[in-house]
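One structure below.
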Protein chains: 2
Amino acid sequence: MKLLIVDDDLLVCQSLQLLLGNEDDLIVMDTAINGQEAIEKCQKEQPDVILMDIQMPIMDGIESTKRIKKQWPHIHIMMLTTFQDEKNIRLALKAGAEGYLLKSASIENMAQQIRALKAGTVILDADVLKRITEPDKMLLEGLTERETDIVELIAQGLSNKEIAEQLFLSVGTIRNMLSVILDKLEIRDRTQLAIYYWQRKNE
Amino acid sequence: MKLLIVDDDLLVCQSLQLLLGNEDDLIVMDTAINGQEAIEKCQKEQPDVILMDIQMPIMDGIESTKRIKKQWPHIHIMMLTTFQDEKNIRLALKAGAEGYLLKSASIENMAQQIRALKAGTVILDADVLKRITEPDKMLLEGLTERETDIVELIAQGLSNKEIAEQLFLSVGTIRNMLSVILDKLEIRDRTQLAIYYWQRKNE
DNA sequence: AAAATTAAATGACAAATGTAACTACCAGAG
DNA sequence: CTCTGGTAGTTACATTTGTCATTTAATTTT
């Protein structure tokens, strides 16, 4: 199986090459230091799988993934990055990447993961999956901490009673606070609040 | 690596056993024909990975996944099912399954996927990922046209009264229909419905 | 120390929501 | 023709929701 490694950090390229060199069915055919170069390398000789960083000069991993998948849909692309930033995860997967692993995660098993990727499944770091299925904080300007907590819980679908139990407050207090929140955000009811939340959440 | 196969279809169990028998690092330690039995087998001898069907008599794969992960978090569970029904995918992942493959997909590579699963990543069938990240088709399956209309309007934040005016129906009718919708989707109230809608709608 | 602010709670109230039971009409399948 | 399923409605009931006025305790400001 032919691999292409794309990372602007040469150290990363080298260590990956070393690491995968032991596996005799995996051949690191070449490396590239940015997305532009990756596309050129693909043109010369098409790899089966690309390990691609996201943050790179000239052309980033997302853009080049988009282009490569458009031209050669059969090439499998594994994003290999440092940060588990939700937006990037979504963008990468939307761009066509089939894998998303964190560099911090155990590198020992990467060979197996690459083989599975080639086999046609999607490979996700376990933490990454959590990020995209149950995401976290956002901007609710003008709200206090406690109020923000309540918004989060309402956006999870909890009733006032449940929120009260969760926060160890009385139901009346929750209702009062929600009333203040709705007033601040100029929104009518909890359902609209939940909608407000999720529409902004997913940009 | 010790495997446990859980499927009420004996044919499936046998063919999987045969298929994986070639791989000498994978040992099918036992099989079970429902979730209840799977838990018992786990108690006797803990497998590294479980291949689990969803639809089974007595106790289904979701419920038993929940229980097994609660008791033995280190056991990796791969759902292996026929249908890519969005609700089940979400339920399975929520229950703690780390993998979700379709039986229809290429079985040849399953060994590699199992190894990758053991290594700690999440394994998803490529089509399955699409379902949960960009569901073109809303999972408003099972709802009639009218009911879908109402869901749409609730997701816009309208009250029952406003919906009634928009559709030229009585408020009572809207309330009844909403009641049916909530029942069908197994959801408690309009806020949760709006959340349900937007979580799937947005990317 | 006195005054002002804030977090938390109460009680009362109106409106909205969700459930249940039951009726009625219509269209299509068998 | 009967049976089913979808649409539409009514009444009744219990619960939840959102608003307001007011109180208390704690904290901060002045």
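Labels below follow one simple rule: chain letters A, B, ... track the order of the sequence lines, proteins then strands, and each chain is numbered from 1. For clarity, every value in this text was computed on a predicted model and none was experimentally measured.
Taking atom CG on A:Asp183 and atom C1' on D:dC20, their separation rounds to 12 Å, with Å as the unit. For A:Leu182 and D:dC20, the CG to C1' distance is 15 Å, given to the nearest whole Å. Atom CG in A:Leu178 sits about 7 Å away from atom P in D:dT19, given to the nearest Å. Taking atom CE of B:Met177 as the reference point, atom P of D:dG5 lies 16 Å away to the nearest angstrom. Put simply, CG on A:Asn176 is 9 Å from C1' on D:dC20, counting in whole angstrom units. Rounded to whole Å, the distance from CD1 on A:Ile163 to P on D:dT16 is 13 Å.
The nucleotide range of DNA chain C contacted by chain B, defined by atoms under 4.0 angstrom from heavy atoms of the protein and reported 5' to 3', is C:dT17 to C:dA21.
The shortest distance between the side-chain N/O atoms of A:Ser179 and the OP1/OP2 oxygens of D:dT19 is below 4.0 Å. Residue B:Thr173 places no side-chain N or O under 4.0 Å from the OP1 or OP2 atom of D:dT10. The phosphate of D:dT17 has OP1 or OP2 within less than 4.0 Å of a side-chain N or O from A:Arg190.
The pair A:Lys69-A:Glu98 counts as a salt bridge, with a side-chain nitrogen and a carboxylate oxygen less than 4.0 angstrom apart.
Side-chain atoms of A:Lys41 do not come within 3.5 Å of backbone N or O of A:Leu4 as any donor-acceptor pair.
Where B:Asp189 and B:Arg175 meet DNA chain D, the nucleotide closest to each residue was compared, and B:Arg175 sits on the side nearer the 5' end.
Taking the side chain as every heavy atom from C-beta outward, B:Glu147 and B:Lys184 approach each other to under 4.5 Å.
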